[in-house]
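Counting starts at 1 for both ligands and their atoms, in listed order. Every value quoted in this text rests on a predicted model; they were computed, and no experiment measured them.
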Amino acid sequence: MKTLLINIKELLQVRELAISKVSGAEMAILPKIDNAYLLIEDDVIADFGTMVNCPNIPVDKTIDATGKTVLPAWCDSHTHIVYAGNREQEFVDRINGLTYEEIANRGGGILNSAKKLNETSEEEIYNQSKVRLEEVMQQGTGAVEVKSGYGLTVDGELKMLRVIKRLAQNYPIAIKATFLGAHAFPTEYKENHAAYIDVIINEMLPKIAEENLADYIDAFLETGYFSVEETERIMEAGKKHGLIAKIHVNQFTAINGIAACVKHEALSVDHLEIVTDEDIEVLKNTNTIPVALPSCSYFISIPYTPARKMIAAGLPLALATDFNPGTTPSGNMNFVVATACIKMKMTPEEAINAATINGAYAMGLSQTHGSITKGKKANMIITKPLTSYYQLPYAFGSNLIETVLINGVEV
Ligand SMILES: N=CN[C@@H](CCC(=O)O)C(=O)O
Ligand SMILES: [Zn+2]
């Protein structure tokens with residue numbers, strides 16, 4: 001099957017050579033071809049260039065993209081798409097003055113979602129989650145990481161990971177699964193953290209490895225959740241089962257967690273709303289990518305990740321949604337890109353790099369996703385006619401996407 005896109009006004013994120021990520025000043029550069037064509041063969045990008053060199057070959061389908069922008073589909077490297085029910089009541093409680101922390105201390109928050117998840121059947125969780133997955137695909141996401149972490153019991157965590165596996169089998173979008181048993185301490189382990197960590201390491205992890213249910217391991221490294229030492233135990237145990245770390249850290253407090261993640265060669269450190277100079281220093285010249293989640297900052301009114309400071313220090317930065325029922329009930333990467341520009345002062349070029357190639361890197365997919373490169377998956381967004389790609393973050397409330405292709409097929 002051959003599909004030819006012609007007359008593309010702007011073809012963005014064109015990388016002749018596959019790169020793994022962009023860092024620091026490189027993030028301001030978004031290579032593009034004006035008046036371009038792009039050839040898709042089956043599920044991969046076969047060729048692209050300027051219209052003057054457009055091949056005159058028989059194809060199965062031609063898409064005329066006059067006036068439109070084409071760019072790689074978003075790569076959302078941090079989500080909790082699989083959950084049961086919602087937390088609308090906590091949303092209203094926060095409007096009425098309670099904080100996220102106060103709600104969590106009353107048994108709400110993650111423990112509220114865990115209760116709902118353990119009371120809901122696997123089939124029902126699958127049905128609720130697939131609606132969200134279908135929605136984010138329509139919004140231009142072509143690769144996504146999904147975490148467990150609302151089970152907090154052996155059965156609950158396995159149930160979540162099996163749902164993620166089933167979604168990966170049934171949908172064309174690339175899905176990476178992350179085991180987040182260390183998301184919160186269940187009430188019965190509140191006074192005995194070591195015992196819950198033993199359950200994670202000795203009961204959950206071996207079963208997850210046996211069924212090959214996860215690619216990565218995560219923990220909520222935060223004051224009141226998992227300490228640096230506890231998270232180190234989790235990362236070490238994960239590594240023994242071949243699971244690389246991607247860690248929630250520095251959401252509310254900076255407690256030297258990032259240094260521990262770098263020491264354990266984490267692929268990514270995510271949230272980073274609170275970042276110290278030492279945290280930035282320790283990330284320099286490492287393979288660990290920081291991931292910012294601006295719609296979480298927006299939704300629960302916490303600081304935004306200091307992108308300017310991090311990029312000025314030469315660091316790479318990825319953007320992701322954090323789609324979850326508590327702090328970010330939205331998986332819309334278009335909103336994330338716009339909010340990064342509006343609130344974090346990232347340029348459109350930096351934000352698009354962060355949401356495509358760097359997002360792909362943050363879930364180990366940059367060899368196949370995140371740029372317009374021959375041989376990569378034909379995952380792309382075709383916009384409505386735009387004056388320029390600046391409109392994507394500028395017109396933040398408009399749906400500017402006309403078509404989404406995943407593996408070369410319209411979704
Ligand atoms: N911070 C930890 N985990 C999620 C929120 C969990 C929840 O409130 O359900 C996050 O990334 O924001
Ligand atoms: Zn999260």
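- At the shortest separation from atom 9 (O) of ligand 1 among protein heavy atoms lies Y150 OH, 2.6 Å.
- Closest approach of M344 to A292, counting heavy atoms only: CE-CB, 3.7 Å.
- Ligand 1 places these atoms under 4.0 Å from at least one heavy atom of H271: 1 (N), 10 (C), 11 (O), 12 (O).
- If you look at H78 next to ligand 1, the close heavy atoms, those under 4.0 Å, all belong to the side chain.
- Both tests hold for R132 against Y83: distance to the six-membered ring centre under 6.0 Å, angle to the ring axis within 45°.
- Close approach of ligand 1 to T327 is summarised as follows: ligand atoms under 4.0 Å from at least one heavy atom of the residue are 5 (C), 8 (O), 10 (C), 12 (O).
- For E222, the closest heavy-atom approach to ligand 1 does not fall below 4.0 Å.
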Test ring pair (Phe, Tyr, Trp, His ring centres under 6.0 Å) on Y225 and F185 and set out the steps. CA-CA 7 Å; Y225 291 83; F185 287 97; 8.5 Å; no
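- When all heavy atoms of V228 and A260 are compared, the pair lying nearest together is CG1-CB, 3.7 Å.
- Counting backbone and side-chain atoms alike, H78 contributes an N/O/S atom closer than 2.8 Å to the Zn ion (ligand 2).
- A donor-acceptor pair under 3.5 Å is formed between the side chain of E157 and the backbone N or O of G151.
- Scanning all protein heavy atoms for the shortest distance to atom 10 (C) of ligand 1 gives D322 OD2, 3.1 Å.
- The aromatic rings of H80 and Y150 are tilted relative to each other, their planes meeting at an angle between 30° and 60°.
- Between F220 and F252, the ring planes lie tilted relative to each other; the angle falls in the 30° to 60° range.
- In terms of heavy atoms, A340 sits closest to L319 at CB-CD1, 3.6 Å.
- The distance from the Zn ion (ligand 2) to the nearest N/O/S atom of H248 is under 2.8 Å.
- Given atom 1 (N) of ligand 1, the protein heavy atom at minimum distance is Q251 OE1, 2.6 Å.
- Relative to atom 5 (C) of ligand 1, the option among Y100, F323, F252, F220 with the closest non-hydrogen atom is Y100.
- At a cut-off of 2.8 Å, D322 coordinates the Zn ion (ligand 2) through an N, O or S atom.
- Here's the thing with S113: none of its N/O atoms is less than 3.5 angstrom from an N/O atom of ligand 1.
- The I110 neighbourhood of ligand 1 comprises atoms 6 (C), 7 (C), 8 (O), 9 (O), with distances under 4.0 Å to a heavy atom of that residue.
- Scanning all heavy atoms of the two residues, the minimum distance from D60 to K2 falls at OD2-N, 2.5 Å.
- Counting protein heavy atoms only, atom 3 (N) of ligand 1 is closest to H183 NE2, 2.8 Å.
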